[in-house]
Amino acid sequence: MSKRIEAKNLDIYYGSFKAVEDISMVIEPRSVTAFIGPSGCGKSTMLRSLNRMHEVIPGAYVEGELLLDGHDLYGPGVDPVNVRRQIGMVFQRPNPFPTMSIKENVLAGLKLNNRKMKGSEADDVAERALRGANLWEEVKNRLSLPGSGLSGGQQQRLCIARAIAMQPEVLLMDEPCSALDPISTLAIEDLIQELKDSYTIVIVTHNMQQAARVSDATAFFNIAGTGAPGKLIEMGPTDKIFSTPDQKSTEDYITGRFG
Amino acid sequence: MSVTTNSSSKALNPLKAGQLPRWAPWAGLGLALIVGLVFGGMKVAASTLIAAAVFVVGMHVLSLYVEGRRRANDRLAQHIVYGMFMLALVPLVWVSWIAVKNGLARLDAPFFTYSMRNIVGEGGGAAHAIYGTLYVTGIATAISVPIGLLTAIYLAEYGGNSKLAKGITFFVDVMTGIPSIVAGLFAYALMALLFGPGTVNGIGGAIALSVLMIPVVVRSVEELLRIVPNELREAAYALGVPKWKTILSIVIPTAISGIVSGVILAIARVIGETAPLMVAAGFTQSLNNNPTQGQMMTLPVFVYDSYAHPGIPRQPYWDRAWAGALTLILIVMLLNLIGRVIAARFAPKAGR
């Protein structure tokens, strides 16, 4: 598991609007890469194009190359469904399926992809995923209850369990803690540290301390102004970005002198 | 900042305002009713109207004097809202009451087991019409739900802003406004074209009802699919679930309780249609269990015919008409009840 992502001269569009311009970056396997930058700078757009969720929006498309272990994600004949089975995603707001129990939520990805499982195998998969998401102890006695009855932080960990039950190569997280309290945030951050042993993790965050705490590499995005496309300003090891960045604007943003 | 607790500051509490006692509205209502009865000359409608007007105006003035303008306006709005609500209830209660009062006389076993074959005067029943209504509405539902559901799925999930989707939406809206008799004539003409002139049977009636039902199903289901949060679709896509499976396994189950009530409302909307069924399903005194062959009686047509063309003596015909109307109401109520149960079973579960 866990694969390397490489972007080459990637432009991302919403219809005629160019949202992100000329991104080239390498995301290393078994590490945490953080995307930071001001609102509207295209970091979420970049994240969503990594598993072809970007094109779910009508009129949205991507130009350039995006390689997963050397295979072009946007090559001709590539089925976005196959891409998403390998690259899982956790969203800003927890979104468990309301019609399903906790266990059904965890198994949803496998069940809906027609994997036939015996009862005991399903139990094992669910337990492994929930343990992986640090949720097992809290929910093991109420697996058949609806997932919407959990607290916000538990719901978010349920969504992570749902994503890792698919055993993806890469896990994308779009501001996974922005709707959570500090304790739940800490739980998720601990979890990210454990998960990076087996997955490539990319996380978008507005919280600079969080980026500094959890990530190995950091990419800073910025826009020149409203209507201008977002650009990758610089990317490097988190220690370096947060101590001696090459670019002035990175330093300004990190130290809060932005805007 | 210190907290002063002496009594003079309490007496001058600037947050205090005049307030009517809690029993004041009830006392006012009683007083208004007495006034209404006195001036309305014991006539129900006049007395009620006068009492309502006296109550609303009187409470407003009283509150204006005691409580000030904001509260008085609040009370005025509140009383008008309650008044309108009760006004809206009047026809509902009235219709139910009259239907029960007049319909109970013949709501007996023979009514549900006998047709009107060879019956003149008393006795007989509406079995043929009840079966006919169930057949015709059942077939109409079987036609309308798949078409309506799939159209709604296209509009909400695939159509987007395309010209086709806009066109369909426009024609669905036009269809909503089709006079029911036109739907009947359409079904009659269609059956004549397909199976020869003068083909009048249960299927024809079902087609007429479908024309009326499809737009209702499409509109309600489309609205429901649109309120399913996009996040759920994205969550499913991100798990690598194909679009069709997402719709089938995530979107529709999330909206199922509303879809079921929408379908039941659509059935309730067409089950009482009379004109199109007279044209397309026809009229008979005997039980017909074959929707593809021969004319088929339905409850609304039965009610209309019993009331408009009674034999002699008239009373048994009128009794049967009322019993038929009551049966129709009961069927709709039963459908609603079933819908509630299904909706409650499938509704997204909340709580812990």
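Every chain is numbered from 1, with letters handed out A, B, ... down the list of sequences. We use all heavy atoms of the structure for the numbers below, so side chains are in, but hydrogens, waters and symmetry mates are not.
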| Pairs of heavy atoms under 4.5 Å with chain B: top-ranked of Met166(A), Met89(A), Arg162(A) | Arg162(A)
| task | Answer with side chain, backbone, both or neither: which region of Phe97(A) has an atom nearer than 4.5 Å to a non-hydrogen atom of chain B? | result | both
| Atom group of Ile87(A) that falls short of 4.5 Å from chain B, counting heavy atoms | backbone
| Close approach to chain B in residues 66-85 of chain A, criterion heavy atom under 4.5 Å | Val81(A), Arg84(A), Arg85(A)
| Heavy-atom pair with the smallest gap, counting every atom of Leu248(B) and Ile252(B) | O-CB, 4.2 Å
Answer yes or no: is there a donor N or O on one side and an acceptor on the other, between the side chain of [X] and the main chain of [Y], under 3.5 Å?
{"X": "Arg48(A)", "Y": "Met53(A)", "value": "yes"}
{"X": "Asn105(A)", "Y": "Pro96(A)", "value": "no"}
{"X": "Thr33(A)", "Y": "Ile27(A)", "value": "no"}

| request: Just say parallel, tilted or perpendicular for the rings of His54(A) and Tyr14(A), cut-offs at 30° and 60°. | output: perpendicular
| field | Carboxylate-amine/guanidinium contact Arg226(B) Glu223(B), below 4.0 Å | value | no
| task | Verify whether one side chain among Tyr135(B) and Asn289(B) offers a donor that lies under 3.5 Å from an acceptor in the other. | result | yes
